[in-house]
Amino acid sequence: LGDRIEKAILPAGTVEETPETIAYAFVPSEYYAPFLMSVLQTKGVNLKVATSAFTYKAKKSKTEFPAGTVVIPTEGQKLTPDEMLGELKSLCAICGVDVKALGAQKKFDLGNLSLEDVRKPRVAIIGPSQEAGAVWFLMDRRFGIEHAVINAEEIARKDFNFGNYNMIVLSDFFIKLFSICNTLAS
């Protein structure tokens with residue numbers, strides 16, 4: 001069957017550099033893109049998401065970016081441009097995400113893009129803790145996303161506030177419960 005696999009080795013991601021970088025961009029389709037985003041946000045980096053597709057034309061190439069592309073402007077960040085480049089290189093090397101630098105071009109202006117801020121997720125995983133284990137592992141160990149695991153009984157308390165979270169993940173228990181309720185209601 002082959003050699004025993006002792007350790008999973010991810011392909012290294014790259015950061016394409018360009019003179020006069022005004023932003024970095026990547027399509028968050030790689031498995032560890034949420035990890036990259038989480039670490040950057042934890043370090044105070046402001047991320048944007050393109051709400052529509054855009055094209056970046058460099059001197060010898062043209063890159064099409066779909067809606068949903070994450071854009072990291074270099075201006076207005078807590079990190080200097082050199083610190084940002086270093087951080088991206090080290091993170092991309094371990095998470096397998098490819099990032100493209102966007103340089104200053106005559107026909108390209110970040111101000112013309114339709115960009116929205118990416119809010120840092122405040123995640124609540126709701127359900128019996130034994131059923132929330134797989135989601136907990138994914139959020140905690142794989143993506144490094146802060147979250148709270150909340151037992152179903154806690155959400156019935158009067159002082160529980162859903163406003164503390166901007167993302168709710170329901171365990172399989174709730175999906176089964178909703179299915180039963182829908183069946184009974186019909």
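- With sequence neighbours left out, Asp82 forms a salt bridge (charged side-chain N to carboxylate O under 4.0 Å, His left out) with no residue at all.
- Between Glu17 and Lys89 there is a side-chain heavy-atom pair separated by less than 4.5 Å.
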Can you give each donor-acceptor pair under 3.5 Å made by side-chain atoms of residues 161-169, sequence neighbours left out, with the distance rounded to 0.1 Å?
unit_1, atom_1, unit_2, atom_2, d
Asn161, OD1, Gly163, N, 2.7
Asn166, OD1, Arg122, N, 2.7
Asn166, ND2, Lys120, O, 3.2

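- Partners of Asp98 under the side-chain contact (heavy atoms from CB on, under 4.5 Å) rule, at least two apart in sequence or in another chain, are Thr14.
- In this view, Glu87 and Lys43 satisfy the salt bridge (charged side-chain N to carboxylate O under 4.0 Å, His left out) rule, not counting sequence neighbours.
- Within the model, atoms OH of Tyr31 and SG of Cys95 stand 12.5 Å from one another, a figure rounded to the nearest 0.5 Å.
- In this structure, Ser38 and Gly144 approach most closely via the heavy-atom pair OG-O, 2.8 Å.
- Screening residues 24-37 for salt bridge (charged side-chain N to carboxylate O under 4.0 Å, His left out) gives no qualifying pairs among residues at least two apart or on separate chains.
- Applying the ring pair (Phe, Tyr, Trp, His ring centres under 6.0 Å) test to pairs two or more places apart or on separate chains, those with a residue in residues 63-103 are Phe54-Phe65.
- In this structure, CZ on Phe35 lies 9.0 Å from CG on Leu40, to the nearest 0.5 angstrom.
- The OG1 atom of Thr69 sits 15.0 Å away from atom NZ of Lys48, with the distance rounded to the nearest 0.5 Å.
- Nearest approach of His147 to Ile145, heavy atoms of both residues: ND1-O, 2.9 Å.
- Between the CD1 atom of Ile125 and the CE atom of Met139 there is a distance of 5.5 Å, given to the nearest 0.5 Å.
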In a table with atom names and distances, give each donor-acceptor pair under 3.5 Å that connects a side chain of residues 19-28 to protein atoms at least two apart or in another chain.
unit_1, atom_1, unit_2, atom_2, d
Thr21, OG1, Thr18, O, 2.7

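- Contact detail for Pro73 and Met84: the closest heavy-atom pair is O-CE, 4.4 Å.
- Under the salt bridge (charged side-chain N to carboxylate O under 4.0 Å, His left out) criterion, Asp159 pairs with Arg157, sequence neighbours left out.
- For the side chain to side chain donor-acceptor pair (under 3.5 Å) test, no residue two or more places apart in sequence or in another chain qualifies with Glu116.
- With sequence neighbours left out, Tyr32 forms a ring-ring contact (aromatic ring centres under 6.0 Å, His included) with no residue at all.
- At least one side-chain heavy atom of Asn46 sits under 4.5 Å from a side-chain heavy atom of Gln77.
- Residues forming a salt bridge (charged side-chain N to carboxylate O under 4.0 Å, His left out) with Glu75 (at least two apart in sequence, or on another chain): none.
- With sequence neighbours left out, Glu64 forms a side-chain contact (heavy atoms from CB on, under 4.5 Å) with Thr55, Lys62.
- Taken from CD1 in Ile72 to CE in Met37, the straight-line distance is 8.5 Å, to the nearest 0.5 Å.
- Annotation: side chain of Pro34 is not in contact with side chain of Arg142 (no heavy-atom distance under 4.5 Å).
- Within the model, atoms OG1 of Thr51 and CG of Leu115 stand 7.0 Å from one another, a figure rounded to the nearest 0.5 Å.
- The two residues Val149 and Trp136 come nearest to each other via the heavy atoms CG2-CD1, 3.8 Å.
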